[in-house]
Each structure stands twice: as structure tokens, then as C-alpha cells.
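Written below as C-alpha cells is the structure these notes are about.
One-based numbering along the sequence shown.
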Amino acid sequence: MGSPPDTSKTIKLERYNSYVRRIQSTKLLNASSKLIFRTTLLIALVLVLFFTINYPPLSDRLHRHSFLSTGFFSSSRFPTSSAIGGPNWEKQVRHSSTPRRPNGFSILVTGAAGFIGSHCSIALKKRGDGVLGLDNFNSYYDPSLKRSRQKMLLKNQVFIVDGDLNDAVLLAKLFDVVPFSHILHLAAQAGVRYAMQNPQSYVSSNIAGFINLLEIAKSANPQPAIVWASSSSVYGLNDKVPFSELHRTDRPASLYAATKKAGEEIAHTYNHIYGLSLTGLRFFTVYGPWGRPDMAYFFFTKDILQGKSIDVYQTQEGKQVARDFTYIDDVVKGCVGALDTAEKSTGSGGKKKKPAQLRVYNLGNTSPVPVGQLVSILESLLGKKAKKHVVGMPRNGDVPFTHANVSLAYRDFGYKPSTDLASGLRKFVKWYSGYYGVETRVKKEIQGAGEVPEGGSA
């Protein structure tokens, strides 16, 4: 019987080949791991470089800010490259808010690049008060108009900080730099109809933003006196005329009105708990130069000049819609009067020492005008007939009429509107012609008289 075949050599050879394959596999795995690691590292470095270039550190991004190269604040004394919170930025803030008259106020004006805010800021600055603006330059309407107002304010040495009311860190920084004696709070999400499209913006600005400002103010030392913008919209479905501060305001007809009514209740709360001096102003359809493009008088002017048809509303009963149109200069006088008669807040360190002043006033013209008459005045001033389309008022939160009783404001700070609608609209059209460079009957009359149109360069 033969001996079995010797397989030891075959087994050894297989073991050797297996060993070689493991070695090669390990080398390949190591090479692949190194390649993956290097690729990952390279991608990470690229991402870090990308975010470093495109997204500054958080401390730099807390407060978005823009500087314009106009007027005092672009001089070598205050270079525009200064970062928010830096020494040059603080110089700008302090200089703008320092009063130039004996016993002058130091006022923070929120919404300073807005219609009413820009007019009030200039009026206060011209009389010697220190004025610092705050605005977020949102796109509810054309931001370029707000930037033009900003340039106009810079020429009057009013500096606007580009920031939002809901940025608590920014507000705290401003109050660290400046001991404001007053706040004129005009920042808000405006417009009755837009609330149906973007309701969250009204809650964010008109409620959350207001509370954020009050939270900062209550802890300030000294606490500032606050004058703020409510609205005639709070009267809602009230049918008693003229509207009085004593009338009920618990039936708002729009979300905008509801947020303003909520603001009045919030003001009462902070006055009661923390001793903040608060004055609410219920504005009635303010109009004039540098106005808001979403207002009827403004877009009527634009559409009439462009030959477009305009919708003129009437009530469900076939009556004309009427508004208590109030000229901007009259409203500014009312705002200044409210500031001048505002008593000091009574709290300290967030604690109330004694009862503080709490007020609310109507600021209107006391003379409601049908919208159809507004259109007729514009036709005359523009020298062009309107293509009117009379339609029923939609159920979008608008009310059929407004009419202000201003006897309380007259009694307390001498508020007395003096501009009728025809005179005020003439001034508006004069500005509109100059700012937008369009031909109107008013512009031709001005040129014939050798006058210079307003608004050509802000």
C-alpha cells in the first residue's frame, strides 16, 4: 500500500499567498483611509475658508449696520469702517444723541427712516435735542426711499443705527452708551391690508418688538419717558363720531388694529408694574412729503400720472369712504408736544417707586374728507384726469370713516392742526415731482414762478 501524497508544501504555499493578499489588502486599506482623510480635511478647510469669508464671527454679526458717506458722520473724525460696538461707532452714537441746547433731550427715535420718524427726528434735532435713530430698513415698501430719508437725516447730523427692535443685545448696547431721557417709538409694521398676507410680521414688530424695547427701558438708569405710536385703527367698529379717547376700543376691525390695541394694554402693564412714563398717540391718516407709498394719496398720484385706473371705495350702503387726513407737520407738532409734556418715569433698577404718567391722545385733523374729493384735488394738482373705478369696500379690515376729536391734545399741549387737505396735497405733489422727476401742473407752476421743486436731492 503506497504512502499518502505530501500536501505540506501546498498548504504552506496557500498560507503564504493568503498572507501576501492580507498585506496587500492592508496596504490598500491604509492608502484608501489616508486618501479619504486627506480629502475630508481638504473639504473641511475649504468650508472653513468659505464661511470665514462669507459669514463674519457672531460678535460681528449681532448688529447689522450700514454707514453712508454723507455729511458729518463720513468725515475723518468718524470713519465709516468702524464696527458696531467699537470706539468710532460709539462716538457717532454719542455725538448724534448729545443735545445742543440747555436742558435738551437725548432721544432714541425708533423707525427713524420712516415717514413720521424722519420728520420728527429733523424737527427735534433742529431745535437742539440729541437724536439717535434706529431702523431695520425692511422691504414692506421701497427701501431706497428709506435710504434717501437716511441721507437727509445725516445731512442734519442725525445718525441711524441699522438694527431691529428684537435685537436685545443691540438695544442694551445703545442704552449702555447713551442715558436716553426719552424714547419716541415710531417703529412698527404698518398697513391694514398687508396684515392678511403676513400676520406674523405684525406680531413680531408691534408686540414682540415693543415689549423688547420696554424690557430694556424698565431696567435703564435713568428710565426714559416714552412716547409711542398707537393708531386711530384701534377705534375699529366704533360708530360714535368724532372718535374720542373715551370711546371703546375693544372691537378692532383688523389684525393691525388688534396689535396696536394690544400695545396700549402692554403700555398700561409696564406703567403699572415698573413705573414707566408712557404716552400713546393715535395717528389719523398722516400724509405729506416723503410719505409712504402704500398710502392711497401716494399710489393714486403714481397711478394717475401713469394713466392707470384707480379703485375708489364706497361702503356697502353706497356711501363714500372718508378719512381724517392729517398733514405731517401738524403730526410732528403733536409728537413734540407730547415729548415736552411727558413726565419722568418713576422706576429705578426695574422697580416702581411711585405712580407714573400714562396717557393716550388722538392726533388728527378733525375734518374728514371723502376719498372722491381727495382724488379731485389730486387731478387738479397733477393736471390729469383719473380713471376712477368705484367699487365696494372689501372686507379686509378697513373702516368706512375716521374722525378725530383732538380736544384732549389741545388742552394738554396745545395741539391744533392747521393744514387743510388741498394745501397739504399741494406740498406733497411738489415734493413728489422733484423726487421722482415727473411733470405735474404744480411743477410747471413752480418753474414758472422761479421756485425750486422739493425732494430733488435728499
Review point. Stepwise, does the side-chain contact (heavy atoms from CB on, under 4.5 Å) test hold for Leu171 with Leu134?
Key: CA-CA 9 Å; Leu171 289 181; Leu134 175 68; 3.8 Å; yes
Looking only at heavy atoms, which two atoms of [X] and [Y] are closest? And how far apart?
X      : Y      : value
Lys443 : Val438 : CD-O, 3.1 Å
Val192 : Ser233 : CG2-OG, 4.2 Å
Pro417 : Asn365 : CB-OD1, 3.4 Å
Ile211 : Tyr270 : CG2-OH, 3.6 Å
Leu165 : Ala187 : CD1-CB, 3.9 Å
Val369 : Leu374 : CG1-N, 4.4 Å

Looking only at side chains, do [X] and [Y] share a donor and an acceptor under 3.5 Å apart?
X      : Y      : result
Asn405 : Ser244 : no
Lys261 : Thr249 : yes
Tyr194 : Asp294 : no
Thr440 : Ser433 : yes

Flag side-chain contact, heavy atom, 4.5 Å: [X] against [Y]:
X      : Y      : answer
Val429 : Leu382 : yes
Leu153 : Ile122 : yes
Met295 : Thr285 : yes
Asn362 : Ser232 : no
Val375 : Phe300 : yes
Asn138 : Lys146 : yes
Asn198 : Tyr140 : no
Leu170 : Asp164 : no

Starting at [atom1] of [X], measure out to [atom2] of [Y] and round the result to the nearest 0.5 Å.
X      : Y      : atom1 : atom2 : value
Thr402 : Asp324 : OG1   : CG    : 5.5 Å
Ile310 : Ile304 : CD1   : CD1   : 4.5 Å
Leu214 : Leu276 : CG    : CG    : 6.5 Å
Phe299 : Gln306 : CZ    : CD    : 13.0 Å
Ser96  : Lys125 : OG    : NZ    : 4.5 Å
Phe180 : Leu174 : CZ    : CG    : 5.5 Å

Give a yes or no on whether the backbone of [Y] and the side-chain of [X] come within a donor-acceptor separation of less than 3.5 Å.
X      : Y      : value
Asn206 : Gln189 : yes
Asn156 : Val158 : no
Ser205 : Ser201 : no
Lys260 : Ala229 : yes
Gln223 : Ser345 : no
Ser97  : Leu132 : no
Ser181 : Ser106 : yes
Arg292 : Phe115 : no
Asn271 : Gln357 : yes
Ser121 : Gly117 : yes

Using the ring of each side chain (for Trp, its six-membered ring), is [X] parallel, tilted or perpendicular to [Y], with breaks at 30° and 60°?
X      : Y      : value
Tyr235 : Phe284 : tilted
His272 : His268 : parallel
Tyr256 : Tyr202 : perpendicular
Tyr361 : Phe413 : perpendicular

Practice item. Go through the steps to decide whether Ser148 and Tyr435 satisfy the test side chain to side chain donor-acceptor pair (under 3.5 Å), and finish with yes or no. Key: CA-CA 10 Å; Ser148 293; Tyr435 184 79; 2.9 Å; yes
Check your understanding: Is it the case that more than 12 heavy atoms not belonging to Asp250 sit under 6.0 Å from its CG atom?
Key ->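 It does: Asp250 CG has more than 12 such atoms within range.
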Review point. Counting heavy atoms not belonging to Phe401, are there more than 12 under 6.0 Å from its CZ?
Key: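 Counting neighbours around CZ of Phe401, more than 12 heavy atoms of other residues, nucleotides or ligands fall under 6.0 Å, so yes.
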Point to revise | Option among Tyr327, Trp431, Phe428 that satisfies the ring-ring contact (aromatic ring centres under 6.0 Å, His included) test with Tyr297 | key: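 Exactly one pass, corresponding to Phe428.
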Practice item. Any chance you could lay out the side-chain contact (heavy atoms from CB on, under 4.5 Å) test for Val371 and Tyr313, step after step, and finish with the verdict? Key: CA-CA 8 Å; Val371 174; Tyr313 294 147; over 6 Å; no
Review point. Are Phe210 and His185 near enough that their ring centres are under 6.0 Å apart?
Key: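 Ring centroids of Phe210 and His185 are less than 6.0 Å from each other.
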Check your understanding: Are Arg282 and Glu264 within salt-bridge range, i.e. N to O under 4.0 Å?
Key ->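 Here Arg282 pairs with Glu264 in a salt bridge, since their nearest N and O are under 4.0 Å apart.
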Check your understanding: Is Arg147 salt-bridged to Asp135, cutoff N-O under 4.0 Å?
Key ->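 Salt bridge between Arg147 and Asp135, a charged N being under 4.0 Å from a carboxylate O: no.
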Practice item. Output, in order, the C-alpha distance, side-chain angles, deciding distance and verdict of side-chain contact (heavy atoms from CB on, under 4.5 Å) for Tyr436 and Leu305. Key: CA-CA 12 Å; Tyr436 290 102; Leu305 288 172; over 6 Å; no
**Study point:** Member of His182, Arg100, Arg101 meeting the side-chain hydrogen bond (donor to acceptor under 3.5 Å, both in side chains) criterion with Asp129
**Key:**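 Answer to the side-chain hydrogen bond (donor to acceptor under 3.5 Å, both in side chains) test with Asp129 among His182, Arg100, Arg101: Arg101.
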**Study point:** Sequence-distant partners of Pro293, side-chain contact (heavy atoms from CB on, under 4.5 Å), two or more places apart
**Key:**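 Tyr141, Leu145, Phe298.
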Check your understanding: Between Ser204 and Asn166, does a side-chain contact (heavy atoms from CB on, under 4.5 Å) hold up when you go through it step by step?
Key -> CA-CA 8 Å; Ser204 175; Asn166 288 300; 3.3 Å; yes
